[in-house]
Amino acid sequence: MTNPVADTDGRACGRNQPHDVWFLAGTFGGQVERACEVPSGRPIAAPVVNIFGDRQDCAAFMGMAQGTVLLDGKVVEPETYEGDSITVQGARGNPLTGEEGRVTATGCGLWVQLPPLASGKHSLKIRGRSGDFSTGVDYALTVAASAA
């Protein structure tokens, strides 16, 4: 099983998706290109650059956070999340906590939220940076035609 964040081509794009939004993964650092099919009518959310830790980690991270998002060549402004309490359900050996079970932490970062896209092909380019950490994903998205 591939973690969508570690996915190098988009094969894990549909893994564990909820029914109300389609999450696109960032990276653990570095840049990748992914192809992904998105169901019709589903809004999209994706991190530009983000972390979780404690409030001080987030304050330092957000002090340097910056990012750009282009959807079909047009700029989309990311939203800023300074520090929200989050609960992570980790599997044993996961790359974030390494442990199985629930962990409560502070999550922060820049995120993009998009309304449902028209059916067809779309390009989404995401670049984020905070200090020495940088991430980038080029998504080739295909939105399925809506069922009649």
Side-chain angles (χ1 to χ4, degrees), residues 1-91 94-99 102-144:
M1 297 198 323
T2 299
N3 180 326
V5 181
D7 183 9
T8 58
D9 60 12
R11 279 184 274 186
C13 185
R15 186 163 183 250
N16 294 327
Q17 290 286 353
H19 296 290
D20 58 343
V21 68
W22 193 266
F23 284 99
L24 296 175
T27 72
F28 289 119
Q31 190 166 329
V32 297
E33 293 181 12
R34 297 181 182 135
C36 182
E37 291 187 22
V38 178
S40 176
R42 192 86 59 98
I44 295 171
V48 178
V49 63
N50 67 317
I51 65 162
F52 78 94
D54 61 29
R55 290 228 171 259
Q56 289 137 337
D57 294 335
C58 275
F61 185 84
M62 293 307 294
M64 297 180 285
Q66 54 186 305
T68 59
V69 179
L70 294 175
L71 174 63
D72 298 330
K74 295 180 182 162
V75 174
V76 177
E77 289 297 324
E79 296 180 38
T80 301
Y81 294 89
E82 294 288 343
D84 295 326
S85 180
I86 60 170
T87 301
V88 177
Q89 178 66 43
N94 75 75
L96 296 177
T97 67
E99 300 175 9
R102 289 183 175 263
V103 174
T104 300
T106 300
C108 56
L110 302 175
W111 283 74
V112 64
Q113 296 185 53
L114 304 170
L117 302 177
S119 56
K121 297 194 178 294
H122 299 275
S123 167
L124 182 63
K125 296 183 183 302
I126 301 170
R127 301 289 182 275
R129 173 178 296 281
S130 181
D132 293 337
F133 178 73
S134 66
T135 183
V137 185
D138 289 349
Y139 273 104
L141 301 175
T142 302
V143 178

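All values below were derived from every heavy atom in this structure, side-chain atoms included, with hydrogens, water molecules and symmetry-related copies excluded.
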Minimum heavy-atom distance [X]-[Y], with the two atoms named:
| X | Y | result |
| --- | --- | --- |
| P78 | L110 | CB-CB, 4.2 Å |
| G53 | A105 | O-CB, 3.4 Å |
| I86 | T106 | CG1-C, 4.4 Å |
| S40 | A144 | CB-O, 3.2 Å |
| P47 | G26 | CG-N, 3.6 Å |

* With sequence neighbours left out, which residue pairs that include part of residues 112-135 fulfil the salt bridge (Lys or Arg N to Asp or Glu O under 4.0 Å) condition? ->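 Residue pairs passing salt bridge (Lys or Arg N to Asp or Glu O under 4.0 Å), neighbours aside: K125-D138, R127-D138.
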
* To do: Would you mind listing every salt bridge (Lys or Arg N to Asp or Glu O under 4.0 Å) that reaches into residues 26-45, with sequence neighbours excluded?
  =>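 Of all non-adjacent pairs touching residues 26-45, none passes salt bridge (Lys or Arg N to Asp or Glu O under 4.0 Å).
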
* From CA spacing to verdict: side-chain contact (heavy atoms from CB on, under 4.5 Å), Y81, C58 -> CA-CA 10 Å; Y81 294 89; C58 275; over 6 Å; no

* Can you sort out the partners of R11 under side chain to side chain donor-acceptor pair (under 3.5 Å), two or more places apart, ordered by chain and number? =>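 Expected list: D9.
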
Find out whether [X] and [Y] are in side-chain contact, i.e. whether some heavy atom of one side chain is under 4.5 Å from a heavy atom of the other.
| X | Y | answer |
| --- | --- | --- |
| V75 | L70 | yes |
| L71 | L117 | yes |
| P115 | P43 | no |
| L24 | I126 | no |
| I51 | D57 | yes |

* **Gap separating the CZ atom of F52 from the OG1 atom of T104, nearest 0.5 angstrom** =>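 Spacing of CZ (F52) from OG1 (T104) equals 10.5 Å.
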
* Asked: What distance separates S85 OG from R55 CZ, expressed to the nearest 0.5 Å?
  ->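 The distance works out to 7.5 Å.
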
* Verdict with supporting geometry, V32 and D7, side-chain contact (heavy atoms from CB on, under 4.5 Å) -> CA-CA 8 Å; V32 297; D7 183 9; over 6 Å; no

I'd like to know if the side chain of [X] and the backbone of [Y] have a donor-acceptor N/O pair within less than 3.5 Å.
| X | Y | result |
| --- | --- | --- |
| S130 | F61 | yes |
| N50 | C108 | no |
| R102 | T87 | no |
| Y139 | A25 | yes |
| Q17 | F23 | yes |

* To do: Quick one: do V76 and L114 satisfy side-chain contact (heavy atoms from CB on, under 4.5 Å)? Show the steps, please.
  => CA-CA 9 Å; V76 177; L114 304 170; 3.9 Å; yes

